[in-house]
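Quick notes on the structure that follows.
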There are 2 protein chains.
Amino acid sequence: MVDSAEKQRGYEAQLRDAGVRMTRPRRAILKILAETADHPDAMEIFRRAVALDDSISLSTVYRTMKLLEDKGAIQRHAFAGGPSRFEQADGAHHDHLIDIDTGNVIEFQSDRIEELQNEIAKSLGYDIVHHRLELYGRKRRKR
Amino acid sequence: MVDSAEKQRGYEAQLRDAGVRMTRPRRAILKILAETADHPDAMEIFRRAVALDDSISLSTVYRTMKLLEDKGAIQRHAFAGGPSRFEQADGAHHDHLIDIDTGNVIEFQSDRIEELQNEIAKSLGYDIVHHRLELYGRKRRKR
DNA sequence: CTCTTGTTGCAAACGATTTGCATTTGCATT
DNA sequence: AATGCAAATGCAAATCGTTTGCAACAAGAG
Ligand SMILES: [Mn+2]
Ligand SMILES: [Mn+2]
Ligand SMILES: [Zn+2]
Ligand SMILES: [Zn+2]
């Protein structure tokens, strides 16, 4: 809590420096993003935002997500089937495993896979600009 | 040509055996899929289908793609940004590198990456049901 | 405090895909 | 070859997530 409030202040300062006006809706959304550990979609962010400021509109949530994405403050993930989901872009790169029963998202990271991806692209004459690695799975039945 | 006509006949027989009625639109779409080497989207398939049978509707293209997907005859890929793109499901598993400038799709396959994915899922207590690995890249500037 | 310009909420538009419905068709049956 | 019925079609309208036009509003530089 203490930590996320601090983190949020850092976010705001960083954005203000980038020439972004700090409005009530934006503050609410940044607070939500700083506090959450999951990967909420726009509607979920909207719901949480309304709790902080009941005059926020869904359009503004969408507009803000796009703004933050452009500024590199968040990442957008279009997992199969559902709407886009978001997360802060502060941590290190990672990929995702999606629980197809619950929608839960688990993060993982593999240097080896990242390396192999680069090798493959290189051998095909390409430079990777970005990539997407998503595992869709089901919790293993306990034995 | 000879080859794809043969391939298409195989497709039709296989589907008929699965209880799928062979209609004019379906025959047209199967022909298109058997002949193409790329990853067309629904609208593109529609355009090519109209050339074979000008009474085909876009709805039917969508309905047929879903049917074929359910029967396991084709695969649907939702690459970033655009509409779903399709390809026959006959060959071996592979992943894709998308040229972000042209939209061209290049196929590749890495046993090592597939292995690593399974290890990761396993270590997280999951079984992979399906996955998505897409590299978005740009052709390397010639030196 | 004022002015300028960016931002907002709202409703309407959007693009891809799906769906309801009346009509047509495949095809198994006589 | 004619019949019957379920399945498939075309069309238009609906859907879903997301974007946009616009008039009202508010951030923050001066
Ligand atoms: Mn994540
Ligand atoms: Mn492919
Ligand atoms: Zn990665
Ligand atoms: Zn793969």
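Look at A/Ser57 and you won't find any side-chain N or O under 4.0 angstrom from OP1 or OP2 of C/dC10. B/Tyr62 has no side-chain polar atom (N or O) that falls below the 4.0 Å cut-off from OP1 or OP2 of C/dT18.
Under the 3.5 Å distance criterion, with hydrogens and angles disregarded, no donor-acceptor pair is assigned to the side chains of B/His96 and B/Glu134. Side-chain polar atoms of B/Gln109 and B/His93 form no donor-acceptor pair below 3.5 angstrom.
Closest approach to the B/Met22 side chain among C/dT8, D/dT9, C/dC27 is made by C/dC27 (side chain taken as heavy atoms from C-beta onward). Distances from the side chain of B/Ile56 to the nucleotides D/dT9, D/dT18, D/dG10 place D/dG10 closest.
In this entry the distance linking CD of B/Glu44 with P of C/dG15 reads 18 Å, nearest Å. Rounded to whole angstrom, the span from the CE atom of A/Met65 across to the C1' atom of D/dT20 amounts to 19 Å. Rounded to an integer number of Å, the gap from A/Arg24 CZ to C/dT8 P is 12 Å. We find that CZ of A/Arg47 is positioned 10 Å from P of D/dG17, with the value rounded to whole Å. Between the CD1 atom of A/Ile29 and the P atom of C/dT8 there is a distance of 8 Å, rounded to whole Å. Per the geometry, NZ belonging to B/Lys66 stands 17 Å off P belonging to C/dA16, to the nearest Å. For B/Asp54 and D/dT9, the CG to P distance is 16 Å, given to the nearest whole Å. Regarding B/Phe46, its CZ atom lies at a distance of 14 Å from the C1' atom of C/dT17, rounded to whole Å.
For A/Glu44 and A/Arg47, the salt-bridge test passes: some basic side-chain N is under 4.0 Å from an acidic carboxylate O. Using a 4.0 Å cut-off between charged nitrogen and carboxylate oxygen, A/Arg112 and A/Glu115 count as a salt-bridge pair. In this structure, A/Asp99 does not pair ionically with A/Arg138, as no charged nitrogen and carboxylate oxygen lie closer than 4.0 Å. Ionic pairing of A/Asp41 and A/Arg85 is not present here: no N-O contact between side-chain nitrogen and carboxylate oxygen is shorter than 4.0 angstrom. Taking a cutoff of 4.0 Å between a charged side-chain nitrogen and a carboxylate oxygen, A/Asp38 and A/Arg48 qualify as a salt bridge.
Annotation: of the two residues near DNA chain C, B/Phe86 and B/Thr23, the 5′-most nearest-nucleotide partner is B/Phe86. Residues A/Val20 and B/Asp53 each lie close to DNA chain D; by heavy-atom proximity, the contact nearer the 5' end of the strand is made by B/Asp53. Across the interface with DNA chain D, nearest-nucleotide mapping of B/Arg21 and A/Arg16 shows B/Arg21 to be the residue nearer the 5′ end.
Comparing the end axes of the helix from C/dC1-D/dG30 to C/dT30-D/dA1, each fitted to five base pairs by superposing C1' atoms of four pairs onto the next four, gives an inter-axis angle of 30° (nearest 10 degrees).
With values rounded to the nearest 0.5 angstrom, B/Leu15 atom CG is found 6.0 Å from B/Leu68 atom CG.
Of the possible donor and acceptor atoms, one in the side chain of A/Tyr136 sits under 3.5 Å from a partner among the backbone N and O of A/Ala80. Counting only distance, with no hydrogens or angles, the side chain of A/His130 and the backbone of A/Ile128 share no donor-acceptor pair below 3.5 Å. Side chain of A/Thr36 to backbone of A/Leu33: no donor-acceptor contact under 3.5 angstrom is found. Of the possible donor and acceptor atoms, one in the side chain of A/Thr64 sits under 3.5 Å from a partner among the backbone N and O of A/Thr60.
DNA chain C lies under 4.0 Å from at least one heavy atom of each of the following residues of residues 67-84 of chain B: B/Pro83, B/Ser84.
When heavy atoms are screened at a 4.0 angstrom cut-off, A/Met43 is found touching no nucleic acid atom at all. Residue B/Arg63 is in base contact, counting any heavy-atom pair closer than 4.0 Å across all strands shown.
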Would you list the protein and nucleotides 11-14 of chain C atom pairs, both N or O, that sit under 3.5 Å from each other?
unit_1 : atom_1 : unit_2  : atom_2 : d
C/dA11 : N6     : A/Ser59 : OG     : 3.2

